[in-house]
Each structure stands twice: as structure tokens, then as C-alpha cells.
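To start, the structure under review is shown below, and the notes come after it.
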Amino acid sequence: MSSPASNPIPKVKIDFVSDVVCPWCAVGLNSLEQAIARLDGEVEVELHFQPFELNPQMAAEGERIDEHLAHKYGLGAEQLARNREALRERGAAVGFRFGERDRIFNTFDAHRLLHWAGTQSADAERALKHALLKAYFTDGRDVSSREVLAAVAGEAGLDAQRARAVLDSDEYAQDVRQQERFYQEAGISAVPSVIINDRHLIQGGQPVEQFEAALRQIAAQGAARG
């Protein structure tokens with residue numbers, strides 16, 4: 001007599017909507033990934049990266065970051081310093097190091113490159129996402145520069161020459177614009193936005209425990225319905 005089949009591992013789809021110059025996206029991604037790691041063997045997670053531009057109209061040369069934040073959010077020097085310290089502490093707690101940076105940049109080309117990486121594999125896209133966050137936040141590199149972007153792609157294990165060819169063309173521009181419009185029309189106006197199974201939304205760089213609890217609950221709900 002055959003033994004009964006074991007229960008399948010519940011599956012969860014996550015769309016991580018973010019920008020590569022969003023500091024809380026760096027914190028949130030590391031936090032989310034640590035939560036996913038805690039569920040290894042219990043929940044199967046399919047992670048996708050979706051584009052969002054904090055400053056789609058920003059010029060190619062970018063802006064000085066303090067001036068930009070002061071103008072956009074009305075933040076003074078003391079508040080900016082407090083915010084940076086809070087980010088450093090939250091980043092360190094999830095293994096992400098914030099370095100010094102003095103400019104913020106247009107990120108459309110970075111999103112095109114991420115879309116291309118996603119056509120290679122999910123692992124390639126994830127590696128490039130982490131490499132871009134490190135390049136900007138830890139190393140202070142210009143992530144609007146096509147030379148920098150191609151180099152970062154190479155550092156992430158991708159074909160740097162093919163990356164440069166993508167950047168020198170308009171490949172994937174329409175795809176990125178379409179995805180950006182989709183999430184804007186769905187009501188996403190701040191990042192990171194973590195969308196689970198196309199229906200559950202968690203916003204902000206939440207602690208590992210909060211992501212873990214949410215994923216457990218949603219996976220259990222899905223298993224119960226299944």
C-alpha cells in the first residue's frame with residue numbers, strides 16, 4: 001500500500017517594486033531576503049524586481065543630494081543627519097553598509113539594465129540589483145553613467161560588453177515604461193513596495209520579523225485555500 005503524498009510546499013510570488021537610489025529599498029531588500037531565508041524548506045518564494053523611479057524627470061547629471069532632499073521634502077541639515085544615522089543603523093542590522101554619497105541620479109538606464117538581466121535569469125537580475133545598490137549607496141558611484149553601469153554588470157557576473165550594447169540602444173525602454181505605468185496605476189507611489197501574490201502590500205523597509213510573519217501567514221492562507 002502506498003503512503004499518502006506529502007503536502008506540497010506552499011508557493012508565494014513577490015514583486016519588489018523599488019529604485020536603486022532609494023535607501024530604504026536597500027534596507028528592505030536585505031530584510032526581505034533574510035525573512036525568505038528563515039522560511040527555507042517551508043515556503044517556496046518566487047522573487048521579481050519591478051521598476052520605480054523616484055525622480056523620472058531628473059537630468060542626466062543628477063543633483064546634489066542634500067539640495068535635492070531639502071527641496072523635495074523640506075529637510076534641514078540636522079534632520080538629514082539624523083535620517084542618515086538611522087539608515088546606517090538599520091542597514092547594519094541587515095548586513096548593508098551605507099557609505100558616503102553626495103549626488104542622486106536618474107535611474108532609467110539602470111532599470112533597463114535590470115530588465116535585461118531578468119531576461120537572462122532571476123539569479124542574474126538579483127545579483128545585478130544588489131551590485132547596483134552597493135555601487136550607489138556603499139561606493140558612491142554614478143549609477144546613471146553607462147560606463148559605470150556596464151562595469152557593475154560585469155562585476156555582477158553578466159556580460160559587460162552586451163550590457164553596454166543594451167545601454168547604447170533603446171532596448172527594454174518600452175518594457176520599463178510599461179511596468180512603471182502598471183504599478184503607478186495600481187496606486188504605488190512610494191517604495192519599497194512589496195506585493196505578495198498580487199494582492200497583499202507591505203510598504204517600507206520593514207524588520208525581518210515583520211516580513212517573515214507576513215510570508216508565513218500568506219503562505220498558510222494559500223495552503224488552506226489550496
Side-chain angles (χ1 to χ4, degrees), residues 11-33 36 44-60 62 72 104-137 142-146 148-150 152-153 156-159 162-206 211 214-215 218:
K11 297 181 180 180
V12 170
K13 181 172 80 77
I14 300 176
D15 288 292
F16 189 83
V17 187
S18 62
D19 199 357
V20 298
V21 293
C22 160
W24 288 107
C25 295
V27 172
L29 178 57
N30 276 34
S31 182
L32 175 64
E33 288 183 330
I36 292 171
E44 182 180 330
V45 175
E46 181 183 314
L47 178 61
H48 301 273
F49 295 100
Q50 305 296 353
F52 185 98
E53 291 179 79
L54 289 173
N55 305 290
Q57 306 305 320
M58 181 168 285
K72 188 172 184 178
I104 190 166
F105 301 102
N106 184 290
T107 56
F108 184 66
D109 280 343
H111 287 298
R112 287 201 299 124
L113 201 62
L114 281 163
H115 190 94
W116 163 70
T119 68
Q120 309 301 298
S121 71
D123 286 343
E125 185 179 28
R126 184 173 174 178
L128 181 59
K129 182 73 170 185
H130 278 285
L132 288 169
L133 290 168
K134 177 182 181 295
Y136 178 62
F137 285 110
D142 178 357
V143 290
S144 68
S145 161
R146 292 180 176 181
V148 170
L149 289 172
V152 172
L158 290 152
D159 183 337
R162 175 68 180 116
R164 183 55 197 254
V166 168
L167 294 165
D168 285 342
S169 71
D170 64 352
E171 286 186 80
Y172 308 112
Q174 184 174 348
D175 301 274
V176 171
R177 294 294 189 211
Q178 182 177 358
Q179 286 300 95
E180 288 179 335
R181 283 195 300 271
F182 174 84
Y183 287 102
Q184 288 168 359
E185 290 170 2
I188 300 300
S189 60
V191 287
S193 287
V194 179
I195 304 168
I196 306 174
N197 289 345
D198 299 318
R199 58 188 299 180
H200 305 280
L201 174 64
I202 303 173
Q203 290 192 301
Q206 301 298 334
F211 281 130
L215 289 171
I218 292 166

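Not measured: the values here are computed from a predicted model.
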- request: Begin with the C-alpha distance, continue with both residues' side-chain angles, and end with the deciding distance and a verdict on side-chain contact (heavy atoms from CB on, under 4.5 Å) for Phe49 and Leu29.
  value: CA-CA 10 Å; Phe49 295 100; Leu29 178 57; 3.7 Å; yes
statement: Here the pair of heavy atoms bringing Ile196 nearest to Leu215 is CD1-CD2, 3.8 Å
task: Kindly compute the distance separating NE2 (His200) from CD1 (Ile195), expressed to the nearest 0.5 Å.
output: 12.0 Å
- prompt: If only atom types and distance count, is the side chain of Ser121 paired as donor or acceptor with the main-chain N or O of Ala124 below 3.5 Å?
  reply: yes
- request: To the nearest 0.5 Å, tell me how far Phe52 CZ sits from Gln184 CD.
  value: 6.5 Å
- prompt: Under 3.5 Å, is there a donor-acceptor pair between the side chain of Asp159 and the main chain of Arg162?
  reply: yes
Minimal non-hydrogen separation, Gln203 against Ser193, with atom names: NE2-OG, 3.0 Å
task: Apply the test side-chain contact (heavy atoms from CB on, under 4.5 Å) to residues Leu47 and Leu32: give CA-CA distance (whole Å), side-chain angles for both, the deciding distance (0.1 Å), then the verdict.
output: CA-CA 10 Å; Leu47 178 61; Leu32 175 64; 4.2 Å; yes
query: How are the rings of Phe105 and Tyr136 set relative to one another: parallel (under 30°), tilted (30 to 60°) or perpendicular (over 60°)?
result: perpendicular
message: Looking at every heavy atom in both Pro192 and Gly205, which two are closest together, and how far apart are they?
response: CG-N, 3.9 Å
message: Treating Ser31 as the side-chain partner and Gln206 as the backbone partner, does any N or O pair qualify as donor plus acceptor under 3.5 Å?
response: yes
query: With sequence neighbours left out, which residue pairs that include part of residues 15-26 fulfil the salt bridge (Lys or Arg N to Asp or Glu O under 4.0 Å) condition?
result: Lys13-Asp15
field: NZ-CG distance between Lys129 and Leu113, expressed to the nearest 0.5 angstrom
entry: 11.5 Å
- line: d(Cys25 SG, Leu54 CG) to nearest 0.5 Å is 6.5 Å
Glu33 CD to Arg126 CZ distance, which is reported to the nearest 0.5 Å: 4.0 Å
task: Please lay out, stage by stage, how Tyr172 and His111 fare under the test side-chain contact (heavy atoms from CB on, under 4.5 Å).
output: CA-CA 9 Å; Tyr172 308 112; His111 287 298; over 6 Å; no
message: Between the side chains of Arg112 and Asp109, is the shortest nitrogen-to-carboxylate-oxygen separation below 4.0 Å, so that they form an ion pair?
response: yes
field: Atom pair CD (Gln179) and CZ (Arg181), whose distance is rounded to the nearest 0.5 Å
entry: 10.0 Å
